[in-house]
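Everything below concerns the one structure shown next.
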Amino acid sequence: MHAYRTHKCNDLRASDAGQTVKIAGWIHRKRDHGGLLFIDLRDHYGLTQVVINTDNPLFEAVEKLKLENVISVTGEVVERTAETKNSKLPTGEIEVKLKAFDLLSAPVTDMLPLQVNSDEPYGEDVRLKYRFLDLRREVLHRNIVLRCDVVSSLRRRMNEQGFREFQTPILTASSPEGARDFLVPSRLHPGTFYALPQAPQQFKQLLMMSGFDRYFQIAPCFRDEDARADRTAGEFYQLDVEMSFVTQDDVFAAMEPVIYGMFEEFSAFNGKKFSVTPPPFVRIPYDESMLKYGNDKPDLRNPLVITDVTEVFARDDVQFKAFKGVLEKGGVVRAIRAPAVFDKPRSFFDKLNSWAQGEGAPGLGYIVFESEGGKGPIAKFVPDAAQAELRRLCGVETGDAVFFVCDMADKAAKMAGLARTKIAEDMDIIEKDTFKFCWIVDFPMYEISERTGKVDFSHNPFSMPQGGLKALNGDDPLKIKAFQYDCVLNGVELASGGIRNHVPEIMERAFGIAGYPAEAVRAKFGGMYSAFKFGAPPHGGCAFGIDRMVMFLADQKNVREVIAFPMNQQAEDLLMGAPSPAEPAQLKEVHIKLDLPKAAVKAAG
RNA sequence: GCGGGUGUAGCUCAGUUGGUUAGAGCGCCUGCCUGUCACGCAGGAGGCCGAGGGUUCAAGUCCCUUCACUCGCGCCA
């Protein structure tokens, strides 16, 4: 017989009755009836009930075993009587009658800081400090298995599409993503530092320039920025992809079956089957998304759309001064049609109005289009002819209401987007149990940086500007679009990508517009720059956030629920005790002298 | 760095307008129990009420400071 087990804890059925077996696992639960003792033995695969009674000389020893001790049990598989079968357990037809057991772990003597057999919501610091216990619990264990399976599915699907998985360096140079780098001091080159990659961006492009054609990697990415519920501190994983000789449509065509197929494969993970957008995913230009949805990551489960109705409120016969004043300064009016809300109580509209005030807007004006005409606080300022125009623009049917947001274009878009979500939530018309994908395309190449007030890249500086060098030389930089796109799922950005710039002149000019002199570009991205000069193929790709995709499938609000060993919000690993001070000798070797703020000196004490 | 929330038994939490000895469930210990499967029953141990300071006859409760955790802002392809 095997040293530890002949069967897993989910294997045995009535048909195995009579066999002598050995199973091994953790003591999940004990039910001690004095003369009769049940143990639920748990392993990765499931639970099996072990039974022993006082006839057995081992009874006393078994009775003393603690929860979470690891044991192996040898015994006979016995079919339970009809009334003692447990239909809730896959192995509930049988139990194992204990003949012998071995204690495989050191005996558990301390109080368990959290109970494995409970679904109580433990505090995160306890869960992270004793992550190995938390990981034994059902929900987290399942989530991590899901994550493994998702990664494995993605790999298989990428391989099937003709992609190969590459590895790229972890110790490298700073990349262009714009987040804070993690630095690693060089021992051999005093005063210099490696950066951990924020993404393998330059390497994957260099692989294309090295003549490989279809790259992917389940790539760790490191960014020294603060955490959020949906963003881990420090590190995360991307399905990183790059392809040569491709247009934007080729990238979409390659990725859609992978992402669709994977989501479809795991879409019933939570017990309820979610529908998944079949390819091709709808493509929405950035400008259209900002107008119709108020942001660049629309939740398409929400049926409401935003319409520009500036022209209506600009009419001479419309005398709504509150809006007129904003329009004179160059503002816009955006409208959201809420279908069939004429019979909603007054409080429905009042609550939305006070919500809008809470968001910093003066209010949320509206007109209800009833059969006898427009009603509501704004209606009297909008004569019939203008109301008819509103109905036409917004596609209003009798019984609908239209809400208005008036502000300068970017603020109006943002507020209208928030209102669109809020109205749909209050109406409870957001579709459930569905994964709705889309691509947002034609992102602007440049934007005015809010911090500096100067022209800067709005996304990836390595993206190809639409119109190429000619556009860079001739057009208003803020009007230039890039071959830059995002994949959005239910209002969350899942992926970003682009067709890359592979022409050195365009690269220099593109960076020049953003205020980086050519010498600086050559110094910072020398490898890329020189590769561009020696035969770079047109190429492009994208990167999908693994953690976020698993979060969606596991229906978790917090990314730490889909990562085996995450850091806490303060970027500390409570289990491993990282970060931790370095030995003076280690610091000396890498030529580092500490210069700590006073508070930290005290803490390090 | 900033703002909100939380901090009471090993764990999850309750604790009234400040008022006797700070409670419950789970876990732990002891005893009883031969068909449970969240077994049951009886009893017990276990508390620097995050820490420091203050107000008060009296503080878990009010005030100030501070620390920890968490959510968000800043930040972040």
Side-chain angles (χ1 to χ4, degrees), chain A residues 28-42 47-56 59 64 66-68 78 80-89 91-92 95 97 108-130 133-134 175-181 197-201 219 221-234 236 238 240 296 443 450-451 457-463 482 484-487 493-498 541-545 548 557-558 560 568-570 572 574 597 599 602-603:
Chain A
H28 187 63
R29 203 168 259 131
K30 284 199 304 183
R31 289 176 296 282
D32 191 345
H33 292 240
L36 177 71
L37 170 64
F38 298 103
I39 285 176
D40 290 338
L41 198 65
R42 181 195 74 238
L47 285 177
T48 300
Q49 176 166 285
V50 173
V51 64
I52 180 172
N53 66 34
T54 39
D55 305 346
N56 192 319
F59 187 88
K64 286 204 174 71
K66 302 276 198 275
L67 296 188
E68 296 309 310
V78 180
R80 301 196 203 176
T81 60
E83 56 285 5
T84 61
K85 282 185 180 171
N86 183 353
S87 58
K88 285 186 253 170
L89 212 59
T91 60
E95 60 200 0
K97 206 170 170 188
V108 174
T109 53
D110 293 353
M111 202 87 80
L112 290 167
L114 58 83
Q115 286 158 242
V116 175
N117 63 21
S118 151
D119 55 5
E120 268 195 273
Y122 293 97
E124 273 224 275
D125 38 352
V126 175
R127 293 180 56 201
L128 291 172
K129 184 165 179 191
Y130 301 95
L133 288 178
D134 197 22
S175 58
E177 274 77 13
R180 208 174 283 118
D181 285 319
Q198 295 186 26
Q201 180 69 33
C221 303
F222 305 91
R223 292 174 196 172
D224 188 4
E225 299 292 352
D226 289 348
R228 290 288 181 276
D230 63 349
R231 204 174 73 204
T232 45
F236 60 98
Q238 288 188 333
D240 195 41
D296 60 0
F443 273 84
E450 279 185 31
R451 222 177 356 179
F457 293 109
S458 76
H459 276 69
N460 189 325
F462 291 166
S463 290
Q484 168 82 40
Y485 39 82
D486 282 359
C487 184
E493 180 198 314
L494 269 197
S496 187
C542 59
F544 279 81
R548 283 193 182 169
K557 297 280 171 283
N558 191 307
R560 291 187 292 272
N568 69 6
Q569 197 189 3
Q570 277 72 241
E572 296 163 310
L574 299 176
K602 215 168 119 194

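Worth knowing before you read on, the calculation uses all heavy atoms, side chains too, and leaves out hydrogens, waters and symmetry mates. Every chain is numbered from 1, with letters handed out A, B, ... down the list of sequences.
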**OP:** Check the distance between B:rC71's P and A:K557's NZ and give it to me in whole angstrom.
**Re:** 14 Å
Subject >> Base versus backbone protein contacts along nucleotides 36-41 of chain B [heavy-atom cut-off under 4.0 Å; B, S, -] >> reply: BBSB--
Original post:
When the distance from CG of A:D55 to C1' of B:rU34 is rounded to whole Å, what number comes out?
Top reply: 9 Å
Original post:
If you check the A:R231 side chain, which of B:rC29, B:rC69, B:rC76 turns out closest?
Top reply: B:rC76
**OP:** Taking ring-ring contact (aromatic ring centres under 6.0 Å, His included) as the test, write out the residues that go with A:H28, two or more places apart.
**Re:** none
Original post:
Base, backbone or nothing for each nucleotide of nucleotides 5-13 of chain B, written B, S, -, heavy atoms under 4.0 angstrom, 5' to 3'?
Top reply: -----BSB-
Original post:
When all nucleic acid strands are considered with a 4.0 Å heavy-atom cut-off, which category describes A:A229: base, sugar-phosphate, or nothing?
Top reply: sugar-phosphate
Original post:
Hey, does A:T81 reach any base, or is it just sugar-phosphate, or nothing, if we go heavy atoms under 4.0 Å?
Top reply: nothing
Original post:
What integer distance in Å separates A:E572:CD from B:rC67:C1'?
Top reply: 12 Å
Original post:
Do the side-chain N and O atoms of A:T84 and A:E95 include a donor-acceptor pair separated by under 3.5 angstrom?
Top reply: no
Original post:
Once you round it to whole Å, what is the distance between P of B:rA68 and CD of A:Q570?
Top reply: 8 Å
Original post:
Between B:rG35, B:rU70, B:rC75, which one does the side chain of A:R228 approach most closely?
Top reply: B:rC75
